[in-house]
Amino acid sequence: DMLNTTFSRSISATISLFLVLFLNATVAQAARDYQRVVDEAYEKFKDLKDGANANYIPILDTVPSDLFGVVIATRDGKIYSAGEIKYEFSIQSVSKPFTASLVMAQQGPKVIREKIGVEPTGLPFNSRLAVEIYDSRSVNPSVNAGAIAAVSLVQADSEKDRWKKVSDNISAYAGRDLKVLEEVYNSEYETAWGNRAIANLLYNYERLYSDPEEALRVYTRQCSIGINTKDLAIMGATLANEGVNPVTGKKVLDSEHIPELLAIMAATGFYDESGEWMYSAGLPSKTGVGGGIVAVIPGDFAIATFSPRLNPAGNSVRGMKAIQHIAAELGVGLYGPNTRE
Ligand code: GLN
């Protein structure tokens with residue numbers, strides 16, 4: 001009799017354990033309805049026409065403005081998408097933290113702090129004034145000055161080797177062999193007088209670590225790499241997955257460097273709109289004038305968007321709204337769930 005009771009107790013304990021596990025899984029599933037939130041974000045903002053394509057790089061003005069893609073990639077490599085996920089747009093400034101990560105991988109995070117800087121500028125991404133008023137000159141890796149400095153810091157034997165290291169690194173984050181959009185490169189390099197001025201100014205202040213024109217060329221090629229929205233989500237998911245690309249399984253960055261890299265993105269990823277972005281979305285992210293944005297939920301997943309129309313700070317209008325919507329819906333944010341939109 002005694003035995004029987006113990007037996008039936010353990011049976012019912014086992015059954016309730018399974019019930020709890022099952023319910024938990026169901027709740028977790030409901031809380032993480034990635035496809036629903038991606039679809040919602042797409043539907044909600046697809047008709048929004050605020051902002052304008054970047055046109056200071058002439059060819060960017062010819063990218064069809066209505067294109068819109070929203071993708072989530074999880075740390076276990078699952079993809080959820082809505083809208084345009086195949087169109088290749090230029091990565092532009094979204095490339096910047098990834099090249100900063102290459103410098104970290106080669107020389108450690110201290111070099112970023114000492115030879116570039118990690119403070120926000122409070123000024124536009126292409127500011128020459130920032131180079132003059134801040135002692136660090138390059139200020140941080142997310143603005144043009146700091147990104148050109150990062151390219152110059154990549155340890156390489158030649159310009160060809162510098163380019164190979166930069167492009168191989170970004171391809172490893174995306175998990176496929178990415179190519180330069182040559183038309184974008186030509187359009188940007190032919191008109192790169194402002195960035196050339198920045199490279200030369202940095203060199204003048206001994207804050208550029210290679211030949212300035214070489215750094216400018218490699219930086220411009222880096223910005224002209226073609227990616228689609230799905231590539232960008234996988235790049236972010238690699239950061240969410242402690243530096244291991246969840247699709248290829250390849251380790252791209254040592255997990256110990258992820259906190260510093262994400263901190264740079266949080267503090268500076270939206271330039272002079274970084275405070276507003278952390279206030280409203282609470283996610284380390286990076287934008288680019290090609291219309292891309294990637295946002296990272298550390299240890300969890302990434303959201304990528306593509307939409308060419310930008311606000312005056314150079315950040316994609318629909319992309320920002322889509323990411324804010326998804327973050328609020330899923331209750332994710334660096335400092336806790338953020339319900340603001
Ligand atoms: N390649 C662009 C530039 O140097 C990158 C700017 C951006 O995306 N914010 O101006």
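All residue numbers refer to positions in the sequence shown, counting from 1. Just so it is clear, the model here is predicted, and its values are computed rather than measured. Atoms within a ligand are numbered from 1 in the order they appear, just like the ligands themselves.
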**Q** Between CG of Leu67 and NZ of Lys86, what distance do you get to the nearest 0.5 Å?
**A**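 Going from CG on Leu67 over to NZ on Lys86, the span is 13.5 Å.
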**Q** Among Thr74, Asp300, Ile72, which residue meets the side-chain contact (heavy atoms from CB on, under 4.5 Å) test with Arg32?
**A** Asp300
**Q** Please state which part of Ser93 comes within less than 4.0 Å of ligand 1, counting heavy atoms only: side chain, backbone, both or neither.
**A**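 The answer is both.
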**Q** Measuring from the heavy atoms of Asn195, does anything fall under 4.0 Å of ligand 1?
**A** yes
**Q** For atom 2 (C) of ligand 1, what's the nearest protein heavy atom and its distance?
**A**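 So the nearest neighbour among protein heavy atoms is Gln92 OE1, 3.1 Å.
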**Q** Cation-pi check for Tyr42 against Arg318: NZ or CZ below 6.0 Å from the six-membered ring centre and within 45 degrees of the axis, yes or no?
**A**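 No, Arg318 and Tyr42 do not form such a contact.
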**Q** Would you mind running through ligand 1 and noting each atom that sits below 4.0 Å from a heavy atom of Tyr219?
**A** 1 (N), 2 (C), 3 (C), 4 (O), 5 (C)
**Q** With a 6.0 Å cut-off on ring centres, are Tyr87 and Phe306 close enough?
**A** yes
**Q** Hey, quick one: are Phe89 and Met235 part of the same hydrophobic cluster, counting side-chain heavy atoms closer than 4.5 Å, chains of contacts allowed?
**A**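 Yes.
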**Q** Could you find the nearest protein heavy atom to atom 10 (O) of ligand 1 and give me its residue, atom name and distance?
**A**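 Its nearest protein heavy-atom neighbour is Tyr56 OH, 2.6 Å.
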**Q** Measuring from atom NZ of Lys96 to atom OG of Ser101, what distance do you get when rounded to the nearest 0.5 angstrom?
**A** 15.0 Å
**Q** Heavy atoms only, cut-off 4.0 Å: how does Asn144 contact ligand 1, side chain, backbone, both, or neither?
**A** side chain
**Q** N/O to N/O below 3.5 Å, does that happen between Glu188 and ligand 1?
**A**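 Between Glu188 and ligand 1 (N or O atoms, distance only) the closest approach is under 3.5 Å.
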**Q** Could you list the atoms of ligand 1 found under 4.0 angstrom from a heavy atom of Gly288?
**A** 8 (O)
**Q** A cation-pi test, strictly: NZ or CZ of Lys115 under 6.0 Å from the centre of the six-membered ring of Tyr209 and no more than 45 degrees from its axis. Yes or no?
**A**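 Pair Lys115/Tyr209 counts as cation-pi.
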**Q** Considering only heavy atoms of Phe125, which atoms of ligand 1 have at least one such atom less than 4.0 Å away?
**A**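 Atoms satisfying the 4.0 Å criterion: 6 (C), 9 (N), 10 (O).
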**Q** Please identify which atoms of ligand 1 are closer than 4.0 Å to at least one heavy atom of Cys223.
**A**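 What qualifies from ligand 1 is 1 (N).
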**Q** Using the ring of each side chain (for Trp, its six-membered ring), is Tyr173 parallel, tilted or perpendicular to Phe98, with breaks at 30° and 60°?
**A** perpendicular
**Q** Are any of the N/O atoms on Gly290, whether in the backbone or the side chain, positioned under 3.5 angstrom from an N/O atom of ligand 1?
**A** no
